2 protein chains.
Amino acid sequence: MSPIAVFDRPLTSVDLTIFSVARETLQVLLVRRSGAPEEPFPEVWALPGGFVDLRQDADLEHCALRKLREKTGVVAPDLEKVGSWGSAVRDPRGWSVTTVYLALIAAGGTALAAGGNAADARWWPIEGSRVRERLAFDHGEILKAAIARLRNKVEYTSLPAFLLTPEFTLTELQQMYEVVLGRTLEKKAFRTRMLATDLLEEVPRMKEGRSRPAQLYRLANRRRPVFFARTFSPRD
Amino acid sequence: MSPIAVFDRPLTSVDLTIFSVARETLQVLLVRRSGAPEEPFPEVWALPGGFVDLRQDADLEHCALRKLREKTGVVAPDLEKVGSWGSAVRDPRGWSVTTVYLALIAAGGTALAAGGNAADARWWPIEGSRVRERLAFDHGEILKAAIARLRNKVEYTSLPAFLLTPEFTLTELQQMYEVVLGRTLEKKAFRTRMLATDLLEEVPRMKEGRSRPAQLYRLANRRRPVFFARTFSPRD
DNA sequence: AGAATAGTGTCTCTAAGACAGTATGAT
DNA sequence: ATCATACTGTCTTAGAGACACTATTCT
């Protein structure tokens, strides 16, 4: 094989699908692209992301974490690969490959005001499998795939716990599942299932409200989501 | 944002994890790298793959299909993204990103003799989550992730059907599942489950053998794997 | 007392696991 | 008849779904 010429190298970027829940709706973080006319898709909304910086980024995940920090000021508790998209035509500047990550962040608390172009970052509600706005590049298709991945994974993991503040009630957790999945869940089955794992720890405190107080829980292990049993489950 | 200099572009490749089953063992296709001393990892076994050809390949999946065809002469019935790996150090030639695909091909029938360096392509048995040989680059880690993905997906899809010839018996299908998962399955539950979907179609023929003939089936829809019901399954 | 929300009891239903039993071919 | 393998009957168990019921706070 001959040496690889630089013109054989595609443009390489990272994009992020960052989800949260606000006002009982799944939301995704988008940024508005620069208005400079030499840029593709000027002023069009897009997934946050950007080109890999070979001097700054040790690997793709570091690059994604850096972009996330620059755009939102948060450190993602969970960053998951969604896939990569690469073709000759997805970017008018030439053959390009993007690697896409997915992150869930807690509702409300995040100030988007950190970066320079932060005024042009905002949450968009998911309607079905998309946002109302038409997105730059193939980001509409990518977002669709990320939502599908998220919904699928929520069926059998504790991922939605990352959408909540450190302490929460079972009802709040159930609401996160329901918002992401777009359907209601049965209360008793949900609670039995959640408590059957070692996912949650009671904290010795109740959430007071307008009625009966609710037990507060926190994640027993903040790092990675728990996987629930599924079909063909191994014998023990 | 300033224009992207070519030296900001990582090397970009595609690698394939191609699995089959032979002699009751899951096998992965590996190729031996060139012995030329200026190449990294000379004569070391590696996943088949190579750099994207910006003039030849329309997109990453076409590139993967081309590599697969060049190495094995088969057209993959199912090509699935596993993920991408990119870092400054995974290739000694510089910052590189590889996108990894997974394919299952039917046992036995495939002649590996197609390409030029075909003598250096062979099936390696999977032992646990790896092959005995030490692989080039980070291909050991990538293979481990691909096997994990495969095993996980087999728990709830009809993927192993792609490991079989067009017509097969339920016992043969069950054996494919058992080999991939590395554990035995209960016969009655397996058959009930398979026949409960519209995955299979009876063909009006039996497989004759040393004992009672077995009903032959084929896939009702050859295109994509079927997904089985799982926890939190939607109400109908 | 009544509203509101937290949390439980319990029945049904489905599908997996276990495993013994029956069916149908070759020899 | 015996062996080998295909295929089924049926009991048990685990967990989801349904849904009514009880519990604890507030006003």
Side-chain angles (χ1 to χ4, degrees), chain A residues 24 152 154-158 160 164 167-179 181-218 226-236, chain B residues 24 154-158 160 164 167-178 181-218 226-236:
Chain A
E24 300 186 359
N152 182 54
V154 162
E155 296 277 356
Y156 58 93
T157 69
S158 62
L164 288 166
E167 297 187 355
F168 50 84
T169 69
L170 282 178
T171 300
E172 289 167 344
L173 183 57
Q174 182 171 350
Q175 283 164 352
M176 290 301 115
Y177 274 86
E178 291 177 342
V179 165
L181 291 173
R183 71 174 197 268
T184 60
L185 298 174
E186 207 284 322
K187 179 164 60 166
K188 185 65 191 299
F190 180 83
R191 301 170 85 93
T192 305
R193 179 176 178 153
M194 288 298 149
L195 297 175
T197 68
D198 55 357
L199 169 66
L200 302 177
E201 273 177 0
E202 279 190 15
V203 300
R205 192 168 30 254
M206 308 292 277
K207 169 162 183 168
E208 314 281 341
R210 283 189 300 276
S211 72
R212 175 174 171 176
Q215 179 65 53
L216 284 166
Y217 293 86
R218 60 185 163 88
V226 166
F227 284 67
F228 300 121
R230 59 170 64 178
T231 46
F232 277 154
S233 57
R235 304 156 200 178
D236 46 358
Chain B
E24 300 187 358
V154 162
E155 294 279 354
Y156 59 93
T157 69
S158 62
L164 288 165
E167 297 186 355
F168 50 85
T169 68
L170 283 179
T171 300
E172 289 167 345
L173 183 56
Q174 182 171 351
Q175 283 164 353
M176 290 301 114
Y177 274 86
E178 291 177 341
L181 291 173
R183 70 174 197 270
T184 61
L185 298 174
E186 208 285 319
K187 180 163 59 170
K188 185 66 191 297
F190 180 82
R191 300 170 85 92
T192 305
R193 178 176 178 153
M194 287 300 149
L195 297 175
T197 68
D198 55 356
L199 170 65
L200 302 178
E201 273 177 2
E202 279 190 16
V203 301
R205 192 169 28 251
M206 309 292 277
K207 169 163 182 167
E208 314 283 339
R210 284 189 300 277
S211 73
R212 176 173 170 176
Q215 179 65 53
L216 283 166
Y217 294 86
R218 60 184 165 87
V226 166
F227 285 67
F228 300 122
R230 56 170 61 177
T231 45
F232 277 153
S233 58
R235 303 157 202 178
D236 46 358

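This structure is a prediction, so every number in the text was calculated from the model and none was measured. Order of the sequence lines fixes the chain letters, A, B, ..., with proteins taken first and strands second; residue numbering starts at 1 for each chain.
Using a 4.0 Å cut-off, some side-chain N or O of B:T171 falls inside it from OP1 or OP2 of D:dA6. In this structure, A:R210 reaches the C:dT5 phosphate: one of its side-chain N or O atoms is under 4.0 Å from OP1 or OP2. Side-chain N/O atoms of A:R193 include one lying less than 4.0 angstrom from OP1 or OP2 on D:dA16.
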Apply salt bridge (charged side-chain N to carboxylate O under 4.0 Å, His left out) to the pair A:R218 and A:E167, showing each step before the final yes or no.
CA-CA 5 Å; A:R218 60 185 163 88; A:E167 297 187 355; 5.2 Å; no
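One atom, CD of B:E208, and another, C1' of C:dA26, lie 10 Å apart when rounded to the nearest Å. Between A:R205 atom CZ and C:dA6 atom P the separation is 18 Å, expressed in whole Å. Atom pair A:K188:NZ and D:dC21:P shows a separation of 15 Å (rounding to whole Å applied). Atom pair A:K207:NZ and C:dA4:P shows a separation of 18 Å (rounding to whole Å applied). Separating the CG atom of A:L216 from the P atom of D:dT25 is a distance of 14 Å, rounded to the nearest angstrom. Look at CZ on A:R191: it is 19 Å from P on D:dC19, rounded to the nearest Å. With rounding to whole Å, A:M194 atom CE is found 13 Å from D:dA16 atom C1'. C:dT5 atom P lies 14 Å from atom CD of A:Q174, rounded to whole Å.
The existence of a salt bridge linking B:E155 and B:R183 is confirmed by a sub-4.0 Å separation between a basic side-chain nitrogen and an acidic carboxylate oxygen.
Within 4.0 Å of A:T169, counting heavy atoms only, lies no atom of the nucleic acid at all. Within the nucleic acid shown, A:Q215 comes within 4.0 Å of sugar-phosphate atoms alone, with no base atom in reach, counting heavy atoms only.
Donor-acceptor pairing under 3.5 Å, judged by distance alone, is present between the side chain of B:R212 and the base of C:dA23. One can find a donor-acceptor pair under 3.5 Å joining the base of C:dC19 and the side-chain atoms of B:E186.
Place B:K187 and B:T192 on DNA chain C by their nearest nucleotides, and B:T192 ends up nearer the 5' end. Projected onto DNA chain D by closest heavy-atom contact, A:G209 and B:L195 fall at different nucleotides, the more 5' of which corresponds to B:L195.
Closest heavy-atom contact between A:Y177 and A:L185: CB-CD1, 3.7 Å.
Aromatic ring pairs are classed by plane angle as parallel below 30°, tilted from 30° to 60° and perpendicular above 60°; the pair A:F227 and A:Y156 is tilted.
Ring to ring, B:F168 and B:Y217 are not that close: their centroids are 6.0 angstrom or more apart.
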